[in-house]
Structures are given as C-alpha cells and as structure tokens.
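Structure first, commentary second.
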2 protein chains.
Amino acid sequence: MTASTSSLGYAVLGLLARSAATGYDLTRRMHRPVGWFWTAAHSQVYPELARLESGGLVEHDVVEGAGPRPTKRYRLTRAGRVRLRDWVAEPAERAPDRDPLMLKVYSLWLLDRPQAVALVEATRTDHAARLEVYAAQEREMQARPEALADPGTREFAAWATLRAGISFEQHRLDWCDWLLARLRD
Amino acid sequence: MTASTSSLGYAVLGLLARSAATGYDLTRRMHRPVGWFWTAAHSQVYPELARLESGGLVEHDVVEGAGPRPTKRYRLTRAGRVRLRDWVAEPAERAPDRDPLMLKVYSLWLLDRPQAVALVEATRTDHAARLEVYAAQEREMQARPEALADPGTREFAAWATLRAGISFEQHRLDWCDWLLARLRD
DNA sequence: ATCACCATGTAAGCTGTTACATGATTAA
DNA sequence: TTAATCATGTAACAGCTTACATGGTGAT
C-alpha cells in the first residue's frame with residue numbers, strides 16, 4: 001500500500017514542495033541548484049513522477065506547452081507533503097563513501113614528485129573554482145538578507161545547503177594546501 | 001585490447017599494489033580502512049578480479065586455504081602497475097554529488113523547530129563519532145612517525161586520505177554547530 | 001555442538017547513465 | 001534557416017546491493 005520511496009523520489013518531492021513544476025522544470029533544477037547535492041537525468045525524472053503519482057504523492061494537470069506531447073504540471077498532494085516531512089525528520093544516512101580522488105591519493109606513492117604535485121594542484125584549482133561559484137550564489141542570496149534571517153523558511157534551508165558546500169570546498173582547499181606543503185619539502 | 005577499467009578495478013589494483021591478497025582479503029580491506037572512501041561487496045570483487053586477470057593486469061596462484069573452493073592469491077602484474085600509475089596521474093573526477101543529508105536540509109523548513117534541531121544534533125553526533133574513529137587511527141599511525149615523514153611512501157599516502165577524512169568530519173561538525181546556533185535563536 | 005572466520009562464487013533486483021525518438025516555439 | 005529551449009517519453013547498459021549457495025577449520 002504505502003509503496004516505498006527512493007531518495008530520488010524524495011528529491012522530487014522536495015522540489016515540488018517548493019513549487020509546482022513540469023518534469024522538464026524538475027530536471028533543470030536537478031542540475032542547478034539542487035544538482036550540487038543531488039542530480040538526476042530526465043530519463044529518471046519522468047518514470048519517478050509516474051511512480052509517485054500512482055502512490056498518490058503527487059498529481060498533475062495538463063497545461064498548454066511547447067512539446068509534442070501534453071505538458072503536465074505536477075504538484076504535491078497532502079499525502080506527499082506528509083510523506084516528505086516524515087522522511088526529513090528521520091535521521092539521515094551518510095552519503096556513500098565513494099571518492100575517486102581519495103582512491104588516487106591512496107596510490108599517490110606510485111607517482112614521482114612532480115606528478116603528485118600536479119594532481120593535487122589540479123584538484124586545488126577545481127575546488128577553488130567551485131568555491132567561487134558557491135560564493136557568488138551566496139552573495140546573490142544575501143542581497144535579500146531578510147529572507148535568510150528566519151531559519152524556518154525555505155530560503156534559509158537553501159542557504160544552509162550552500163553554506164555546507166562552501167564549508168566543504170574550503171576544507172578541501174585547506175587539505176590540498178596541507179598536502180602540497182609536504183610534497184614540496 | 002586495452003579493456004577499460006572501472007573505479008572498482010582501480011580500487012582493487014590500488015590494494016594489490018600494496019600487497020598480494022585473496023578476494024576475501026580485498027573485500028575486508030574494502031570495508032576498512034579503504035571503505036572510508038571506497039566500498040565494495042565480495043560479490044563485486046570476485047568478478048572484477050576475473051576481469052582484471054583476463055586483461056592481464058593481475059595474476060594469481062592457488063594456495064592451500066580454508067574454503068570449499070581453491071584459495072587464490074592475487075598479485076599485480078607489471079602491466080597492472082603501469083595501468084594504475086597512469087590512472088592515478090590523470091586529474092580526478094569529482095565524487096558524484098549525492099548527499100541524502102543535504103536533501104533533507106533543503107526541506108528543513110517543513111519541520112518544526114525541535115524536530116529540525118534533533119535532526120542536526122543526530123548528524124552532529126554521527127560526525128563526532130566518526131571523527132573519533134579517524135583520530136584513533138591517526139594516533140596509531142603516529143606511533144611510528146618515521147613512516148609518515150617521507151611523502152613518497154605508501155604509509156604517507158594512507159595518512160593523507162585519513163587527514164582528508166578528519167578534515168571532512170571537522171568541517172561537518174562546524175557546519176552543524178553553525179546551523180544549530182541559528183535554529184536555537 | 002555451535003559460532004565465528006576463512007573462502008569463493010552466482011543470481012536477482014534496483015539505481016543511474018547514455019542513447020534513441022519526437023516535435024513545437026522563439027530568437028539570432 | 002539554424003540553433004536553443006521547451007517538453008516527454010523508452011531502451012540498453014553499467015554499477016551496486018542483497019540474497020542464494022557451499023563448506024572447511026578453530027575456538028568456546
């Protein structure tokens with residue numbers, strides 16, 4: 001009866017809780033800004049919407065749009081909102097630990113020193129660039145500081161994920177610098 | 001000819017570069033310590049070893065052991081070592097951004113304040129516990145500081161991944177504290 | 001005797017990626 | 001007219017998880 005919902009399902013519900021959207025809209029938002037912590041291709045989104053609808057968690061009506069098939073605008077049902085809230089309140093599982101960079105660092109002893117330095121420098125550059133993207137996003141958000149003042153709002157929730165991203169990039173930068181200092185003795 | 005190797009394949013090669021091992025050994029090491037940044041079940045490891053062997057990257061001989069089937073001890077071939085080193089030297093892709101915690105935080109505005117605080121506190125506790133595990137591991141490593149002094153050794157490489165883990169947990173703890181301070185205005 | 005550990009494999013199912021398929025509207 | 005954007009779907013494949021399947025040795 002209460003069909004189980006995957007993380008992808010909750011990602012979709014989380015977006016629809018903020019505003020009604022087409023599958024196409026959801027796919028775009030799964031690229032940015034939600035893509036920073038959860039991504040999905042449109043080929044995943046459409047079947048997932050059908051599953052959620054058959055479970056009574058979302059519903060749609062048809063609006064006129066630009067595609068060859070009817071354009072469907074989805075919104076959360078009351079049951080969907082309850083299901084999402086219950087899931088959010090449960091303790092979060094850890095993200096699966098699968099980091100290709102760490103796999104490389106574990107075998108860093110196979111490289112000669114200049115190669116090792118180059119690998120870490122490239123990583124550093126990548127994190128610095130991402131940090132700049134996040135920081136720009138945060139400046140944009142802080143243009144309306146009153147929306148971020150209340151931690152009960154959706155704007156604050158989005159800001160909290162951004163802050164986590166900024167903190168992560170900063171930690172990786174610091175780690176790169178720690179490693180580079182040792183590699184360049 | 002040069003069959004492409006997956007991340008899992010490189011994880012196995014990276015372990016075998018350090019020492020010869022059975023599939024069972026590799027599976028254990030994929031749980032701990034390598035499991036902190038790459039995990040694999042034995043049902044993945046055995047077929048992967050067969051693939052790597054058919055590609056000439058690893059080879060095995062049969063030793064006496066305790067199982068119902070012959071016990072196979074695998075080691076890296078010269079080609080396997082070259083393949084691994086080439087892969088390590090290439091720039092690393094980013095870990096796929098799929099973090100269920102951030103998915104929940106994005107919808108944190110659906111919870112009442114005590115529920116939100118409880119979620120972040122549970123997360124904080126989890127990261128504090130993991131940090132303690134890593135710190136204990138590091139103390140163990142630092143018992144022989146001469147092994148960590150040279151950044152060209154496998155011991156140093158393992159330490160570098162540990163440092164990244166410690167840094168990550170610390171960043172998450174700080175972020176939890178930042179968020180808790182705001183939720184408990 | 002029972003349990004933990006050693007040891008290797010296969011099969012089914014779920015999740016995610018890439019490719020296939022179609023077609024209208026709007027701006028350069 | 002050509003490309004980008006809007007818009008929705010299916011199919012094939014790759015990777016990972018969980019369950020099935022077998023059986024020996026050593027410690028409690």
Side-chain angles (χ1 to χ4, degrees), chain A residues 3-12 15 20-32 34-35 37-55 58 60-74 93-100 103, chain B residues 3-12 15 20-32 34-35 37-55 58 60-74 93-100 103:
Chain A
S4 74
T5 305
S6 62
S7 290
L8 171 64
Y10 290 114
V12 169
L15 285 171
T22 65
Y24 185 87
D25 289 335
L26 292 171
T27 302
R28 261 188 320 175
R29 292 206 256 162
M30 289 279 189
H31 182 67
R32 193 179 59 102
V34 167
F37 50 87
W38 203 272
T39 52
H42 78 274
S43 59
Q44 273 183 289
V45 169
Y46 291 111
E48 186 62 36
L49 282 168
R51 264 194 298 279
L52 292 170
E53 184 152 54
S54 78
V58 304
H60 78 270
D61 41 37
V62 174
V63 297
E64 58 263 44
R69 290 198 195 68
T71 296
K72 301 174 182 176
R73 181 156 297 268
Y74 287 87
E93 324 112 74
R94 260 178 184 268
D97 299 307
R98 261 167 230 280
D99 187 337
L103 219 44
Chain B
S4 74
T5 305
S6 62
S7 291
L8 171 64
Y10 290 114
V12 169
L15 285 171
T22 65
Y24 186 86
D25 289 335
L26 292 171
T27 302
R28 262 187 320 175
R29 292 206 255 161
M30 289 277 188
H31 181 67
R32 191 180 59 100
V34 167
F37 50 86
W38 202 274
T39 52
H42 78 273
S43 59
Q44 273 184 289
V45 169
Y46 290 110
E48 185 62 35
L49 282 168
R51 263 193 299 278
L52 292 171
E53 185 152 51
S54 80
V58 305
H60 78 271
D61 40 37
V62 174
V63 297
E64 59 263 46
R69 290 197 196 70
T71 296
K72 300 175 183 175
R73 182 156 297 268
Y74 286 88
E93 323 112 74
R94 261 178 182 267
D97 298 308
R98 260 167 230 282
D99 188 337
L103 219 44

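Numbers restart at 1 for each chain; the letters A, B, ... are given by sequence-line order, proteins then strands. Note that the structure is a prediction, hence the values are computed from the model and not measured.
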Whole angstroms only, please: what is the [atom1]-[atom2] distance between [X] and [N]?
X     : N      : atom1 : atom2 : answer
B:R32 : C:dC5  : CZ    : P     : 12 Å
A:E64 : C:dG23 : CD    : C1'   : 17 Å
B:H31 : C:dA7  : NE2   : C1'   : 18 Å
B:R29 : C:dC5  : CZ    : P     : 19 Å
A:E48 : C:dC14 : CD    : P     : 13 Å
B:M30 : C:dT8  : CE    : P     : 14 Å

Worksheet entry | Under 4.0 Å protein heavy-atom contact, by nucleotide of nucleotides 9-17 of chain D - B base, S sugar-phosphate only | BBB---SSB
Discussion item. Quick one, A:R73 and A:D61 - any side-chain contact, counting heavy atoms below 4.5 Å?
Written reply: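 They are in side-chain contact.
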Worksheet item: By salt bridge (charged side-chain N to carboxylate O under 4.0 Å, His left out), which residues pair with B:R98, not counting sequence neighbours?
Response: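 Listed in chain order: nothing, the list is empty.
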Discussion item. Using the salt bridge (charged side-chain N to carboxylate O under 4.0 Å, His left out) criterion, which residues pair with A:R94? Sequence neighbours excluded.
Written reply: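 A:R94 satisfies salt bridge (charged side-chain N to carboxylate O under 4.0 Å, His left out) with B:D126, B:E169 only.
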Item to complete: For B:Q44, check side chain to side chain contact (heavy atoms under 4.5 Å, CB included) against everything at least two apart and list the hits.
Response: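 Side chain to side chain contact (heavy atoms under 4.5 Å, CB included) list for B:Q44, sorted by chain: B:L8, B:A40.
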Worksheet item: Contact class for B:R73 vs. all strands (heavy atom < 4.0 Å): base, sugar-phosphate, or nothing?
Response: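 Contact class for B:R73: none.
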Discussion item. Restricting to side-chain hydrogen bond (donor to acceptor under 3.5 Å, both in side chains), what partner residues turn up for A:T27, sequence neighbours left out?
Written reply: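 Testing A:T27 for side-chain hydrogen bond (donor to acceptor under 3.5 Å, both in side chains), a comparison that skips the adjacent residues, returns none.
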Worksheet item: So, is A:Y24 close to the D:dT8 phosphate, meaning a side-chain N or O under 4.0 Å from OP1 or OP2?
Response: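 No, no such contact exists.
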Item to complete: Tell me whether the OP1 or OP2 atom of D:dT8 has a side-chain N or O from A:T22 closer than 4.0 Å.
Response: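 Checking A:T22 against D:dT8: at least one side-chain N or O falls below 4.0 Å of OP1 or OP2.
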Worksheet entry | A:Y24: ring-ring contact (aromatic ring centres under 6.0 Å, His included) partners, not counting sequence neighbours |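 Partners of A:Y24 by the ring-ring contact (aromatic ring centres under 6.0 Å, His included) criterion come out as none, since no residue qualifies.
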